[in-house]
Protein chains: 2
Amino acid sequence: MSADIIPLMRRQDDAPPTLDPMLQITAAGMNSVNTVILDRMQSEIPLIPRLAGHLISGGGKRLRPMLTLAGAELVGYQGNRHHKLAAAVEFIHTATLLHDDVVDGSELRRGKAAANIIFGNPATVLVGDFLFSRAFELMTEDGSLRVLKILSSASAIIAEGEVAQLSAQRKIETSEERYLDIIGAKTAALFAAASRISAVVAECDDSQERALDDYGRNLGVAFQLVDDAIDYDSDTAEMGKDRGDDFREGKMTLPVILAFARGTAEEREFWKAAISGHRSSDEDLDHAIRLIAKHDCVEATRERARHFAQRAADALSIFPDSKARSAMVEAAQFAVARGY
Amino acid sequence: MSADIIPLMRRQDDAPPTLDPMLQITAAGMNSVNTVILDRMQSEIPLIPRLAGHLISGGGKRLRPMLTLAGAELVGYQGNRHHKLAAAVEFIHTATLLHDDVVDGSELRRGKAAANIIFGNPATVLVGDFLFSRAFELMTEDGSLRVLKILSSASAIIAEGEVAQLSAQRKIETSEERYLDIIGAKTAALFAAASRISAVVAECDDSQERALDDYGRNLGVAFQLVDDAIDYDSDTAEMGKDRGDDFREGKMTLPVILAFARGTAEEREFWKAAISGHRSSDEDLDHAIRLIAKHDCVEATRERARHFAQRAADALSIFPDSKARSAMVEAAQFAVARGY
């Protein structure tokens with residue numbers, strides 16, 4: 001660990017790390033991105049902007065397009081091509097969220113009723129398709145085949161990751177390695193692509209492009225790990241996501257994988273029953289949270305996240321120190337510290 | 001009508017028109033396309049090729065990629081770039097079929113159990129996304145931004161058409177004009193794009209590119225009209241599609257729109273009840289078919305199809321006569337004659 005170069009710890013004033021510096025360096029650009037998003041989600045079919053707007057104006061952090069903007073800032077890119085591309089990234093993300101909600105039968109998303117609950121599964125699937133197509137229209141307008149390659153390949157990998165997750169659902173034997181493969185595909189691939197394309201538009205050299213890819217990928221893994229930890233964290237207030245969704249759906253996330261691995265024979269029987277769907281009551285969820293706490297599995301998951309966040313931060317060491325780099329490092333710290 | 005140039009009628013030997021000449025001129029190319037399709041639907045996640053293969057090997061006509069190949073033949077294109085692009089077209093089509101089956105809750109597709117019935121809605125949505133992403137990967141590998149623009153724009157229009165169809169569902173007041181807009185988007189846009197891109201790879205001039213677009217678009221409308229007619233044709237045997245699906249789903253297709261327009265006050269009451277979902281039994285379907293027959297609405301729908309098929313054929317008049325042109329004209333005749 002090159003902790004003396006880029007320390008992944010609380011800031012010196014000991015305030016918890018936040019996304020604020022990242023928000024600050026990308027604020028002007030994000031206004032342009034938001035304009036593109038609002039403009040390009042329009043359609044003569046009124047249901048499309050209504051449904052898309054429900055999710056898009058629903059208070060997401062827009063972290064992925066922000067990565068594109070922060071990366072561009074980091075490498076000193078002076079143009080504005082990345083605004084359209086960042087909007088394309090957000091459209092791909094929004095499309096996958098809409099399809100995820102259908103796939104999972106979610107009831108809540110970001111603390112509001114999920115689109116599928118309000119508009120039904122059919123419209124939700126189709127508006128996802130629309131946004132996905134729009135994303136490729138935006139990229140085509142930009143005209144970079146390298147960006148198109150990066151994002152079309154990321155999109156295929158995301159879909160593969162989602163199918164792999166579906167195949168692992170209700171399978172107690174899912175390993176940590178398998179889980180890391182899955183979140184690497186379903187979550188981190190788009191973080192990596194979003195970050196990488198900033199280097200492409202800025203015509204950076206290969207090592208810079210790879211560094212930004214590494215930063216995004218590791219950051220994505222850290223974010224997903226902490227998301228999955230929060231779902232079982234006994235200390236955390238409700239996070240907008242429907243608490244216990246992962247449990248009821250029999251999703252094999254790291255807290256469960258570790259609790260099963262560390263559990264007694266009796267506890268393992270509980271996990272088998274729970275993940276296969278035979279114990280999914282609120283009391284069962286409480287019991288699951290207690291077992292996960294007993295074996296420190298939330299903290300262990302956060303520790304894994306810390307590892308990936310550190311790798312994200314260190315990947316940036318090839319760039320000279322700058323406001324943008326500090327902001328991106330703090331975003332990695334924030335990824336881990338969320339929900340404490 | 002330039003009927004003396006390109007007659008849209010039975011062939012001189014009075015045999016019914018078939019797709020055979022089109023199959024013949026595209027046979028060699030379609031082998032290459034099929035190889036690309038089988039190769040590129042693979043994934044390390046076994047569920048993906050299994051689910052995709054269920055539909056892809058399920059006996060579709062592969063009409064859309066065939067249009068790309070026929071167009072290339074028509075304009076004398078000598079390369080093989082169009083094989084990958086035709087596969088991309090088929091992937092987009094397959095993705096929309098998979099999503100359609102989820103949207104409609106279909107039970108049958110091409111006479112077999114629909115993918116959603118065998119593999120469930122979640123996997124079906126996600127494999128659709130995968131194929132859609134793969135389509136864009138294939139186009140990106142080809143590297144033509146013009147093709148990317150044509151197909152990303154067509155994809156967005158297809159999704160808009162599907163949402164518009166959903167919005168029109170169970171709405172008895174849907175007009176013929178609205179219906180034509182919907183099928184122009186959900187079906188004909190991809191036919192037009194598939195046909196057009198052959199001219200793009202062959203670097204044809206604008207008028208040839210537009211002619212191939214017009215051919216595909218009008219052909220697509222004709223095909224969809226006849227599909228919709230067959231669903232209510234009292235003379236037709238089961239067509240693989242779940243007979244009466246459109247009726248039970250309250251879809252406003254042209255036979256219903258015309259039967260409502262031509263119906264008595266009493267018949268209109270029946271249609272209102274039926275389309276709003278209050279009369280959807282097998283007896284109600286039989287009654288609907290009788291009313292549609294009474295007002296000749298299947299034949300009227302076919303007549304509309306004949307009009308568009310004629311426009312498709314005439315669009316090709318700027319090309320010199322050739323085996324390819326005859327095959328494409330006969331395909332338009334076939335579109336109308338199907339199911340007789």
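Quick note on labels: first sequence line is chain A, next is B, and so on, each numbered from 1. Keep in mind that the numbers below use all heavy atoms, side chains included, and drop hydrogens, waters and symmetry copies.
Taking chain B as the reference chain and counting heavy-atom pairs below 4.5 Å, the highest number among A/A123, A/G143, A/P122, A/A159 is found for A/P122. Among B/S43, B/G105, B/G128, the residue with the largest count of heavy-atom pairs under 4.5 Å with chain A is B/S43.
Within a 6.0 Å sphere centred on CD of B/E176, heavy atoms belonging to other residues, nucleotides or ligands number more than 12. For A/E203, the CD atom sits in a loose shell: 12 or fewer heavy atoms of surrounding residues, nucleotides or ligands are nearer than 6.0 Å.
Taking every heavy atom of both residues into account, A/E44 and B/E160 meet most closely at N-OE2, 4.0 Å. Closest heavy-atom contact between B/S152 and A/S133: O-CB, 3.9 Å. Heavy atoms only, all atoms of each residue included: A/A156 and B/R134 are closest at CB-NH1, 3.7 Å. Summarising the geometry of B/K149 relative to A/T140, their closest heavy-atom pair is N-CG2, 3.4 Å, with the distance given to 0.1 Å.
Looking at heavy atoms from C-beta onward, B/V102 lies out of side-chain contact with A/N121 at the 4.5 angstrom threshold.
The NE2 atom of A/H99 sits 5.0 Å away from atom CG of B/D129, with the distance rounded to the nearest 0.5 Å. Put simply, CD1 on A/I45 and CD on B/Q165 are 11.5 Å apart, with the number rounded to the nearest 0.5 Å. Of the inter-residue distances, the one linking B/L126 atom CG with A/I158 atom CD1 reads 11.5 Å to the nearest 0.5 angstrom.
Both the backbone and the side chain of A/L145 come within contact range of chain B, with heavy atoms under 4.5 Å apart. If you measure heavy-atom distances from A/E141 to chain B, you find no contacts under 4.5 Å at all. Contact of A/S167 with chain B is made through the side chain alone, with heavy-atom distances under 4.5 Å.
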